[in-house]
Amino acid sequence: MKKVILFSASVLVATSLAVSTVQVPVTFAAAKPKPTNTAKPAGLVPFKGADFKKFMISSKSYIQIKDIYFLYGGKEKQVFYTLSVYNGDNSTIDFMDYWVELQSTAGATYTTKPHASNSKSGKVPSKTKKDFVFYSQVDSTVNYNNLIFNVVKWDFSLPNYTKKIGKANVTSAYKNAVPANAYSISADDNSKVKTSLNAGTVFTMGATSQIQVDLNMENIGSFEYKLPNYQFYIRTKSGLVLKMASEPIDTESIAVGEKVKYTLRTSAKKGINLTGAQILVTDLDAEAKIETPRSIFEIGWGKDNKILVGENKTASISIAGNNVNSSIVNVYADQNGTQNEIILTTKWLNKGAEAVILPKYKYEILASNGVKYPVTLSEAEGDQTLVPGVEKEVMFQAVLPVTLSDGLTLVVKQPKDEKNKLEYVSAAFKLSKIQELKGVSTKTYTSTKGLYEIKIKQAERLPWGSQDIINLFIDIENKGKKSQAIPDIAAILRLNGLLVKEDKTSLIKLDSAGIIEPGQSTRYVLTTKVPYMFDFNEITLSLSDKINEKSKQTIGLFKLDEINKSPELSYGSTYKIDSVGRRATVEFLNTFLFTGKDRDMLYAEFKYTNKESRQAKLPVLKAYFKTSDGQFIEANLPLIKTSVKPDGTAIMTATAPVPKTFNKDESVQLIIGEALNGAVYSGQDGISDSYISAQAFKLPKMQQDHEISLTNLKLEPYTFTLDKLNTMLNDVSNVKLEMDYTLLKPSIYDVVEKETKLYFEISNGKHSYGTSVKVEPVEGEGLQAGEKKKIIVPIQGNQLGDFVYNGYIINIYEDIDGYKRLLGTKKFGSFQVMSPTPAAK
């Protein structure tokens, strides 16, 4: 049987306690308790309590009454009391020879029952002490100072069979509650436990208040202490009783020298007066179906609220026995019409010795008028692991009316579950006045993988048919001192506060690196599409790091207030692709306007160079022409399929049809970037659904000049010279151009996959006729590279016979799919008329 030793440092006013066995928390109208000056646990003093008279049963042995407590059960009232028997003699005392009778000062006699935990034998060995507990049902109006205890011994030689050993009255000086600045020590033969109560806290939410207090227990004995099935109650000075829920404890016993803390909570209606309230600790014996009071503690109400922390302050939360510090890093708002989307960044630091999972808390924002607004995680659901000593940021979001910007509190609630029978507030944070979200482009990020600097370098908006592409570029730099794994990032994108669905975005890693060396970086791009008429001026990006299959860690919230225009490249500038494994350059060469029958064609050509150290396929590109009036015209860029050696070059062309009204003198840009297909770069199939890293070549004025000769006519990658021409008229509609020519091909290109054709035209100013001839065709006849080459080009036309005597003009064009560009022109005299071939006999 447990023995309770109580020590006191001062004389205190007598009090009484009423308790209830009701299991469901009861709420009452209440008032905030007055703060009391409570010392820190290290400054607590021992509590002794009241001593009762010792009843000597021999010269060396005695019986003493102690630990008198009331317990209520509905309308019933019970009193529990302990008889402590000390045997100072040399022989065993049989306590079965003794009994206690209970009476009231009004003369009532109450039936006494022994507690089920009492020793069945009743034997008290020599030089030992043993406790025996009894209880009686009493009148509900009885108080402590109404009780009279009679200790008797059975003696069958006497008329009433009993011999009175002694009598004890409980006086008004009796004190059984441990003061707020004290601790108690309970001891039995095998254990010794020190217990104290921390200052209580009241947190009010609208019409309801949460009452919270911590009970501390320390095993100061020599043996392990098995924890009983404790029950806890709070009783106000006016006699109202509330059952308290205890936060689950992950242990069934306390090892020697170890401590446990019971965090006790209950709820009450706002206004209940808690000044002078007490905590009653009972022990529920489920098998014996009896609940026994064990101790009473007066609650000291501290000046500081342990649940509610002020602006920019840190809360301490216990998670799985580990102390975790939590704070608000910043609070921002994205205004959208009549509502504000609130974005909160919180910081969590595990101060314990082992990793813990952030509980599935319920988060709310509490307005000063008591209205609650739900708060949700900004990232996908999953376990949030808090590693000891490693700060972790977690982002939340909520929607509030735009009229709410001040007087707000973030409430962190532990919902009901199998272990927690009461929903309660773990912590509450006063929020700073909500401000408009400001741009953040760089952030330091720490995780178990390492130390990084995350930077949002730029955002670009590019044309794509009836849509626009939005690309955000993310740089991740290793700020550590050794190689680090690359964070497995995920992104949530908002444009002017509107969430872009995850399946409408692609996050693409721009290089193939698996780790990052110190001081080095890796790059990502987040891409999505919007209608081209959609206007926005704000981008917010939430980044998280996937730790494992169930857990993500917040990296941070970033905001951009502007979209970068594609950088302009002037004539002679170079477009560079610097992704590892894809390095290449594009240099502008020429731009022309080709003429067609119904439409004309924009044309630009470039030198494309492989800058990798190995032979490689050149990256697939995508391009749009942009006219001076802001129109975007998709450009055709034929795919270069042949691998190119290091520093090798290929010729690349960009073309697009335009109306006949297009002014060749207007300003034109070619916006060019790296083509994507889904979440990867476009492959050699040439299929693309987006592009990134675009720059704009500012094209010079269309070069429409031509030679007044047929010598040194330039068309990349060739130079053509007509050395000799003999024009022969076969009949009125057929002419043959018999030519000697030189076709030079400089060796500046390693790969030429462009199909080149020359169009030879004969004209008299009124009528023109011509024929296209392929240059270096893969198959068939055509123009061949070399000097003093010969070719006959046949031309048909109904009016060719009229050209014989009046002279004619030879025009040579570059021909691309029927669109032509004049290279050179020269006037000649009469034709040579061929003699008719004799008819066969």
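These figures come from a predicted structure and were not determined experimentally.
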Between Asn322 and Ala353 (side chain of the first, backbone of the second, donor and acceptor by atom type, cut-off under 3.5 Å), is there such a pair? yes

Judged by modelled atom types alone, do Lys479 and Gln484 share a side-chain donor-acceptor pair under 3.5 Å? no

I want to check something: taking the side chain as every heavy atom from C-beta on, are Phe473 and Leu510 in contact at a cut-off of under 4.5 Å? yes

Any donor-acceptor N/O pair, Thr266 side chain to Leu242 backbone, under 3.5 Å: no

Please check if the side chain of Gln212 supplies one atom and the backbone of Ile307 the other of a donor-acceptor pair under 3.5 Å. no

Evaluation steps, side-chain hydrogen bond (donor to acceptor under 3.5 Å, both in side chains), between Glu393 and Thr345: CA-CA 7 Å; Glu393 288 190 355; Thr345 304; 5.4 Å; no

Nearest heavy-atom approach of Leu44 to Ala182 is CD2-N, 3.8 Å

Keeping Asn305 on the side-chain end and Val202 on the backbone end, is there a donor-acceptor pair under 3.5 Å? yes

Taking all non-hydrogen atoms of both residues, which atom of Tyr452 and which atom of Pro487 are closest, and how far apart? CE2-CD, 3.6 Å

Can you tell me how far the OG1 atom of Thr540 sits from the CG atom of Leu493, to the nearest 0.5 Å? 7.0 Å

Student check: side-chain heavy atoms of Glu247 and Tyr424 closer than 4.5 Å: yes

Output, in order, the C-alpha distance, side-chain angles, deciding distance and verdict of side-chain hydrogen bond (donor to acceptor under 3.5 Å, both in side chains) for Ser267 and Gln210. CA-CA 4 Å; Ser267 61; Gln210 175 178 304; over 6 Å; no

For Lys449, does the NZ atom sit with more than 12 other heavy atoms under 6.0 Å from it, leaving out its own atoms? yes

Which pair of non-hydrogen atoms, one from Leu349 and one from Gly389, has the smallest distance, and what is that distance? CD1-C, 3.6 Å

Does the side chain of Ile476 reach to within under 4.5 Å of the side chain of Ile489, using non-hydrogen atoms? yes

Between Leu543 and Ile454, is a side chain to side chain contact (heavy atoms under 4.5 Å, CB included) present by the stated rule, with each step listed? CA-CA 10 Å; Leu543 294 182; Ile454 313 294; 3.9 Å; yes

Trace of the side chain to side chain contact (heavy atoms under 4.5 Å, CB included) decision for Val331 with Leu408: CA-CA 11 Å; Val331 185; Leu408 302 175; over 6 Å; no

Distance-minimising heavy-atom pair for Lys243 and Tyr233: CD-CE2, 3.2 Å

Shortest non-hydrogen contact between Ile254 and Glu258, atoms and distance: CG2-O, 3.2 Å

May I ask you to check whether Arg265 and Gln414 show a side-chain donor-acceptor distance below 3.5 Å? no

Side chain to side chain, Ser209 and Lys270, heavy atoms closer than 4.5 Å: yes

Check whether any side-chain N or O of Asn478 sits under 3.5 Å from a backbone N or O of Ile516 as a donor-acceptor pair, and report yes or no. yes

Mind checking the CZ-OG spacing from Arg294 to Ser184? Nearest 0.5 Å is all I need. 13.0 Å

Sort out for me which residue in Lys455, Arg523, Lys443 forms a salt bridge (Lys or Arg N to Asp or Glu O under 4.0 Å) with Asp475. Arg523

Asp283 side chain to Pro228 main-chain N or O, any donor-acceptor pair under 3.5 Å? no

For a 4.5 angstrom cut-off between non-hydrogen side-chain atoms, does Thr346 reach Phe429? no

side-chain hydrogen bond (donor to acceptor under 3.5 Å, both in side chains) involving Glu477 - partner list, sequence neighbours excluded: none

Is the shortest side-chain heavy-atom distance between Thr195 and Val281 below 4.5 Å? no

From CE (Met217) to CD1 (Ile249), nearest 0.5 Å: 8.5 Å

Is the shortest side-chain heavy-atom distance between Leu71 and Pro293 below 4.5 Å? yes

Stepwise side chain to side chain contact (heavy atoms under 4.5 Å, CB included) test for Met244 and Val213: CA-CA 10 Å; Met244 302 198 79; Val213 63; 4.2 Å; yes

When every non-hydrogen atom of Ala491 is compared with those of Leu541, the smallest separation belongs to CB-CD1, 3.8 Å

side-chain hydrogen bond (donor to acceptor under 3.5 Å, both in side chains) against Asn323, all qualifying residues, sequence neighbours excluded: Ser316

How many angstroms lie between atom CG of Asn229 and atom CD of Glu252, to the nearest 0.5 angstrom? 11.0 Å

Parallel, tilted or perpendicular, judged at 30° and 60°: which one describes the rings of Tyr363 and Phe396? tilted

Roughly how far apart are Gln231 CD and Leu280 CG, rounded to 0.5 Å? 10.5 Å

With a 6.0 Å cut-off (strictly less than), is the heavy-atom count around CD of Glu224, excluding the residue itself, greater than 12? yes

Greater than 12 external heavy atoms within 6.0 Å of Lys457's NZ: no

When you measure from the side chain of Asp545 to the backbone of Asp488, do you find a donor-acceptor pair of N or O atoms at a distance under 3.5 Å? yes

Between Trp348 and Gln384, is there a donor-acceptor pair closer than 3.5 Å when you use the side chain of the first and the backbone of the second? no

Greater than 12 external heavy atoms within 6.0 Å of Lys306's NZ: yes

Glu423 CD to Lys362 NZ distance, which is reported to the nearest 0.5 Å: 4.5 Å

Can you check whether Leu386's main-chain N or O pairs, donor with acceptor, with Asn350's side chain at less than 3.5 Å? yes

Could you tell me whether the side chain of Lys259 reaches within less than 4.5 Å of the side chain of Asn216, counting heavy atoms only? no

Go through the side-chain N and O atoms of Glu453 and Thr444 and say whether any donor and acceptor fall under 3.5 Å apart. no

Whether the side chain of Ser506 engages the backbone of Thr527 through a donor-acceptor N/O pair (distance < 3.5 Å, no angle test) should be reported. no

Which is it for Ser295 and Val178 under the side chain to side chain contact (heavy atoms under 4.5 Å, CB included) test, yes or no, and what are the steps along the way? CA-CA 8 Å; Ser295 55; Val178 180; 5.6 Å; no

